Each structure stands twice: as structure tokens, then as C-alpha cells.
Novice: 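Got a structure for you, written out below as C-alpha cells; questions coming shortly.
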Number of protein chains: 2
Amino acid sequence: MTRGETGRPVRKRRNQYHHGDLRRALIDEAARVIGARGVEHLTLRAVGQQLGVSRTALYRHFADKASLLAAVAAEGFRQLRTDLAAAWEERGGGRAGMDAMGIAYVKFAVERPSYYRVMFGGLLDAERVRCDELVEHATAAFQVLEDAVIAQQRDGLVHADDPAELSRYIWATVHGIAMLGIDGQLRHEAGGAEALMRFANERLRTGIALP
Amino acid sequence: MTRGETGRPVRKRRNQYHHGDLRRALIDEAARVIGARGVEHLTLRAVGQQLGVSRTALYRHFADKASLLAAVAAEGFRQLRTDLAAAWEERGGGRAGMDAMGIAYVKFAVERPSYYRVMFGGLLDAERVRCDELVEHATAAFQVLEDAVIAQQRDGLVHADDPAELSRYIWATVHGIAMLGIDGQLRHEAGGAEALMRFANERLRTGIALP
DNA sequence: ACCTGAACACCGTTCAAGT
DNA sequence: ACCTGAACACCGTTCAAGT
């Protein structure tokens, strides 16, 4: 039997009312609007209208607007994880793989600034929105980085610090570059966030590589 | 003649209608609400009511809500600059001063998460909100860091890279730690963002210090 | 189960009118 | 100049009612 990415069986269902999968359609449409015009222009009414559905139909699938945003953010982390893993593997890991991951991360953020902000912008009250799916996908994305760090430690390329701590440090650096780039705070940097990431790859390395 | 921080002459004016300085009062009240309940709870109507003023009085001093937020952000950068300069000078500069600046920065962000987000959260469309005051204060805050880097280069403590580039790299790291901390993404870190900053001070140093 | 329209309690912003 | 109330065009969300 074919299975969806959630692991639940996928069945071609007859369209009830309007959609086979309104939930999916809502997330996609929300992500589209966010990517095209920014979160601040996302209204549930317009989403419903675009999908040919009443403006309250959405509440059958999401508790509120924040929950929809959380689902969009989860989708973002899933994609980010894919991008990071691809960058690492394309270079066959090692230092080149690590550098490529940093660049891929920054690229992801800079190319979809609004999307990235939904993932990290604090629109989702960490306490209130109990979205296990979001935490799960975010953790999985981070795990790609930590696995890379552990692999490099095994190969003697990187300090034998606590890999989780070391990974958090690297994550913070890359995240900071991405955020500053999105905010336009790197306007004096010739090559933008990507150029700063290349510089960071150099300085980060001499910081974390064994002597 | 006494002068305000903008360089314009300060004169004790008679209260017109309700306030001697409604603009100042609006910024303070907005900052108070943001600090206490978050930006998402800030409404112009409530601000006016709290100040005993009509809900449209504000438009005499700000073009719109975004402009008010920009003024609040500018105030934040002014305070951040003060905190950073104090940390640097208290330790008499050098490595200890640099470390203290990092900690002070993260503390600033973690203690006023909503405030910090207004400064960096992208609520101010960098293109649309032409707020020279904001850019000015943000630049001044960054300058404190760059001056510290230059001083350390002079003392032979730090790599002779382009100081602006090096400062941006350090800023990104600290900013990333602050942001992840605010977002609750460091929940697995025992001492929170501050602990990660201490770790970063170690690893950052071996990255940027001369051998 | 899933969807609907009408209604509620909000917003930011505009504007003619006041002092 | 600075402030005002009424009005406009929106929001997210609730809810009784439909299929």
C-alpha cells in the first residue's frame, strides 16, 4: 500500500464538498501568499475565497490562524532539512559538505524571507501553540547538522566538544547571518548574506577545527 | 543652551491640550505595552486611551503604526548601544570586555524578547519605513562592536581581517544566539542563551584570535 | 462530518469639523 | 497647530443552521 509522508495510508478519496484534502490546500495557499506578499498580508478570508470555500471552513482543520502558521512553519522545516541533507551529501560530507550546508541554509532563508520568518519570527507563541508536528520537523532539521558534526568529530576534523552544544553554536551563527541578511542589516556587505557565510565558514573553521 | 540627544534645542513648553510631549509619551507607552504583553497586543486605540487622548491623536506625530514601531525600535538600539558600551568599558576592554559585550547583548535580548523582536522582527519593512533615526541608532550600536574589534586588532589580540567584516561575523553569532534563545529553540541548553554565549565566547575566540 | 452565512467584537486609518 | 468623534473598510472568530 502506498503511504504518505506522515506514514498514514493514502487513499484516493472522493471530493467531499470541494476538496479531497482541504487541510493540505489551506497550507499550500497560505504558504503561497506568505511567499508572494508576506505574512502580514495573509488573511484567512482571502485564503478561503481563493480556494472557493467559505471563510470559516478552515476552522474544521485548524484551531486558529496561529495553528495554520505553525503547519506552514513545519512544512518549512521539512524543506530546510531536505536542502541541508542534499548539500551535505552532494559534497560527500567533510569540510566541503559542512561549508555547503551553511551556504544552503542561508540561501534557503534569503530566497524565502517571509517563509523563514514564519519559522522563527515568534508569530507562534512557543508556549501556546502546542504543535508537535512543528517541533518534530524543526528537531529533524537540526539533527542533520548534529549528525554532520558528529561525523566530522569521528574523522578528527572537529573539536571533541559536546556535539549538541557545538551544533547549537554553529546553528546560531548561520541563523544569525540569515536573519541579518533578511533584515537588510547586511546592506554594506558586497555579496550579501551569502558572502558573509563564506567568510564565516573560514573563521568558524579555525574555531572548531582541531589544531 | 541645553540640547536634547537629537541636537535640537530643548525648551520647557507649556502643555498644549494634554501633553508637553505627546510623541515621547506615545513611544514610551508603546514600548511599555510591547514589553509587558508583546507587539501583537499593541493597539493604537488602547495607547491613546491610556494616555487620555483620542485614538487618532497619534497621527499628528507618526505616519502610521509602523512608524511608531520604528521609533520604539530606534529607542531599543539606543539602549542596546548603552549596554554594550558599558560592558566593554567596565572590563577595561580587551578579551574580558569583548566577552562581557556578548553576554550583555544576549541579556538585553532575552530580558526584553518582544522589544528585541521589534528591532529585528521585520515588522518594519526596511524599504517602506524610511526612518533615518532607526538606521542611525542601529549603526551606532554596531559601531560600538566594531570599535572594540579595531581596538583588539591594535593590541594584537584579533586577526587582521577587515574589521567591518569581522564585526558582522561576530554580530551574526551573537544575534543568532539571542534569536534562538527568544524563540525557545535553546530549550535543551541548560543555562539557556547565556550559557551558549559563554560557550561561543570560547569557540569564537579561537576562531578570531591570532595564534 | 463537513460546510455555510450572518453576526460579533475588534482593528488601523481617513476626514470634516472643532479650538 | 493640535485635537476630536464619526465613519469606513477591513480583520479573526463564533455560532446556529444546513447537507
Side-chain angles (χ1 to χ4, degrees), chain A residues 8 11-27 29-30 33-34 37-73 118 121-125 128-131, chain B residues 8-9 11-27 29-30 33-34 37-73 114 118 121-125 128-131:
Chain A
R8 283 196 304 271
R11 192 187 330 237
K12 192 128 194 185
R13 282 174 296 181
R14 293 190 57 76
N15 288 10
Q16 334 91 303
Y17 282 72
H18 295 98
H19 290 87
D21 192 349
L22 180 56
R23 189 188 136 86
R24 183 77 248 161
L26 287 164
I27 295 173
E29 172 62 12
V33 174
I34 289 165
R37 312 221 306 128
V39 218
E40 66 275 22
H41 289 110
L42 179 73
T43 75
L44 302 187
R45 293 159 113 98
V47 168
Q49 192 167 4
Q50 182 67 25
L51 263 42
V53 132
S54 128
R55 40 184 179 268
T56 62
L58 161 151
Y59 288 93
R60 287 293 129 192
H61 300 276
F62 299 98
D64 50 20
K65 192 179 186 177
S67 297
L68 174 61
L69 286 178
V72 172
V118 173
L123 302 154
L124 321 345
D125 226 315
R128 291 194 315 114
V129 176
R130 276 216 76 48
C131 182
Chain B
R8 284 196 304 269
R11 192 188 329 236
K12 192 129 194 183
R13 282 175 297 180
R14 293 188 57 76
N15 286 11
Q16 332 92 303
Y17 282 72
H18 294 96
H19 289 87
D21 193 349
L22 180 55
R23 190 189 135 86
R24 182 76 248 162
L26 287 164
I27 295 173
E29 172 62 13
V33 174
I34 288 165
R37 312 222 303 128
V39 218
E40 66 275 19
H41 290 110
L42 177 73
T43 75
L44 302 187
R45 293 159 113 98
V47 167
Q49 192 167 3
Q50 182 68 25
L51 262 41
V53 131
S54 128
R55 40 185 180 268
T56 61
L58 162 148
Y59 289 94
R60 288 292 129 195
H61 300 277
F62 299 98
D64 51 19
K65 191 178 188 179
S67 296
L68 174 61
L69 286 177
V72 172
S114 304
V118 173
L123 302 155
L124 321 344
D125 226 316
R128 289 193 318 112
V129 177
R130 276 215 76 46
C131 183

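Only heavy atoms go into these numbers, but all of them, side chains included; no hydrogens, no water, no symmetry mates. Chain identifiers are assigned alphabetically (A, B, ...) following the order of the sequence lines, protein sequences preceding nucleic acid strands; residue numbering begins at 1 within each chain. Being a predicted model, the structure only gives us computed values, none of them experimental.
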Novice: Should B/V72 and B/V39 be marked as a side chain to side chain contact (heavy atoms under 4.5 Å, CB included) after you check the CA-CA gap, both sets of side-chain angles, and the distance that decides it?
Specialist: CA-CA 11 Å; B/V72 172; B/V39 218; over 6 Å; no
Novice: Applying side chain to side chain donor-acceptor pair (under 3.5 Å), name anything that partners A/T43, two or more places apart in sequence or on another chain.
Specialist: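 If we apply the side chain to side chain donor-acceptor pair (under 3.5 Å) test to A/T43, skipping adjacent residues, there are no hits.
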Novice: Quick one: side chain to side chain contact (heavy atoms under 4.5 Å, CB included) partners of A/V33, sequence neighbours excluded?
Specialist: A/E29, A/L42
Novice: Just verifying a value: how many Å separate A/L22 CG and A/H61 NE2, rounded to the nearest 0.5 Å?
Specialist: 4.0 Å
Novice: Could you spell out the base pairing of DNA chain D as a dot-bracket line? Use Watson-Crick and G-U wobble contacts where both distances are under 3.5 Å, [ ] for crossing pairs, | for partners on a different strand.
Specialist: ||.|||||...|||||.||
Novice: Let me know which of B/T56, B/L51, B/L58 forms a side chain to side chain contact (heavy atoms under 4.5 Å, CB included) with B/S54.
Specialist: B/T56
Novice: Could you give the CZ-to-P distance, from A/R23 to C/dA1, as a whole number of Å?
Specialist: 18 Å
Novice: Output a table of nitrogen or oxygen pairs between the protein and nucleotides 11-14 of chain C separated by less than 3.5 Å.
Specialist:
from, atom 1, to, atom 2, distance (Å)
C/dG12, OP1, B/L44, N, 3.2
C/dG12, OP1, B/K65, NZ, 3.0
C/dG12, OP2, B/L44, N, 3.2
C/dG12, N7, B/R45, NH1, 2.3
C/dG12, O6, B/R45, NH1, 3.1
C/dT13, OP2, B/Y59, OH, 2.8
C/dT13, OP2, B/K65, N, 3.0
C/dT13, O5', B/Y59, OH, 3.1

Novice: Check whether any side-chain nitrogen or oxygen of A/H61 sits under 4.0 Å from OP1 or OP2 of C/dC2, and answer yes or no.
Specialist: no
Novice: By side chain to side chain contact (heavy atoms under 4.5 Å, CB included), which residues pair with B/R37, not counting sequence neighbours?
Specialist: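 So B/R37 forms a side chain to side chain contact (heavy atoms under 4.5 Å, CB included) with B/H41.
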Novice: What is the distance, to the nearest angstrom, from the CD atom on A/Q49 to the P atom on D/dC10?
Specialist: 11 Å
Novice: Find the distance between CD1 (B/I27) and CZ (B/R23) and round it off to the nearest 0.5 Å.
Specialist: 4.0 Å
Novice: To the nearest Å, give me how far apart CG (A/D21) and P (C/dC3) are.
Specialist: 10 Å
Novice: Who are the side chain to side chain contact (heavy atoms under 4.5 Å, CB included) partners of B/S114, not counting sequence neighbours?
Specialist: B/I34
Novice: In whole Å, I'd like the distance from the CG atom of A/L22 to the P atom of C/dA1.
Specialist: 17 Å
